Amino acid sequence: MKVAIGSDHAGFDYKEIVKKHLEEKGFEVIDKGTYSKESVDYPIFGEAVAQAVASGEADRGIVICGTGIGISISANKVKGIRAALCTNEYMARMARKHNDANILAFGARVLGIDVALGIVDVFFETEFEGGRHERRVNEIKNIEEKNFCS
Ligand code: RB5
């Protein structure tokens, strides 16, 4: 599986750790930046990861900023993206099972790294349940069709 990853300066250290963690597990990781702790604007990296997932360059994505809020909002502005901001493993599991989330977001200033890595593992181990949840995800897609300019 190909995973696009991106962060701002606040998420940089966690991005490096998560990248290594996923590579050790055999994932192909596409690093969309940022590449240092110099202050940058999170929307750039949220959009870059989201475009990689929406275009098929990557199967899924991970976005990290201080809280996870700004970068997840940014990623969700790209059509086809369901970025889920998770603070625990239950949320990560449900984001996959019920929402078919294709991007995981979290905050490096909110979570310890061990909690964050546990969330990452659950996100990639859990499959979408489909069924009634598929209908609801399709309703999200209908909202996109009505509200996105193509
Ligand atoms: C950067 O200071 C911070 O605002 C950013 O990382 C993020 O938390 C925004 O939502």
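These numbers come from a predicted model, not from an experiment. Each ligand, and each atom within it, is numbered from 1 in the order the structure gives.
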When you pair each N or O of ligand 1 with protein N or O atoms, which pairs come out under 3.5 Å?
unit_1	atom_1	unit_2	atom_2	d
ligand 1	2 (O)	R109	NH1	3.3
ligand 1	6 (O)	D8	OD2	2.6
ligand 1	6 (O)	G66	N	2.7
ligand 1	8 (O)	G66	N	3.3
ligand 1	8 (O)	T67	N	3.0
ligand 1	8 (O)	T67	OG1	3.2
ligand 1	10 (O)	T67	OG1	3.3
ligand 1	10 (O)	G70	N	2.9

Which donor-acceptor pairs under 3.5 Å do the side chains of residues 101-109 make with protein atoms, sequence neighbours left out?
unit_1	atom_1	unit_2	atom_2	d
N102	OD1	R82	N	2.7
N102	ND2	G80	O	2.9

Under-4.0 Å salt bridge between E144 and K79 =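 Salt bridge between E144 and K79, a charged N being under 4.0 Å from a carboxylate O: no.
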For Y90, does the OH atom have more than 12 heavy-atom neighbours from other residues, nucleotides or ligands under 6.0 Å away?
->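 Not more than 12 within 6.0 Å, no.
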Please indicate whether E38 has more than 12 foreign heavy atoms, meaning atoms of other residues, nucleotides or ligands, lying under 6.0 Å from its CD.
->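 No.
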Output all residues satisfying ring pair (Phe, Tyr, Trp, His ring centres under 6.0 Å) with F27, sequence neighbours left out; order by chain, then residue number.
->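 Result, ring pair (Phe, Tyr, Trp, His ring centres under 6.0 Å) vs F27: F124.
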Can you list the residues that meet the ring pair (Phe, Tyr, Trp, His ring centres under 6.0 Å) rule with H133, with sequence neighbours excluded?
->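 Partners of H133 under the ring pair (Phe, Tyr, Trp, His ring centres under 6.0 Å) test: H98.
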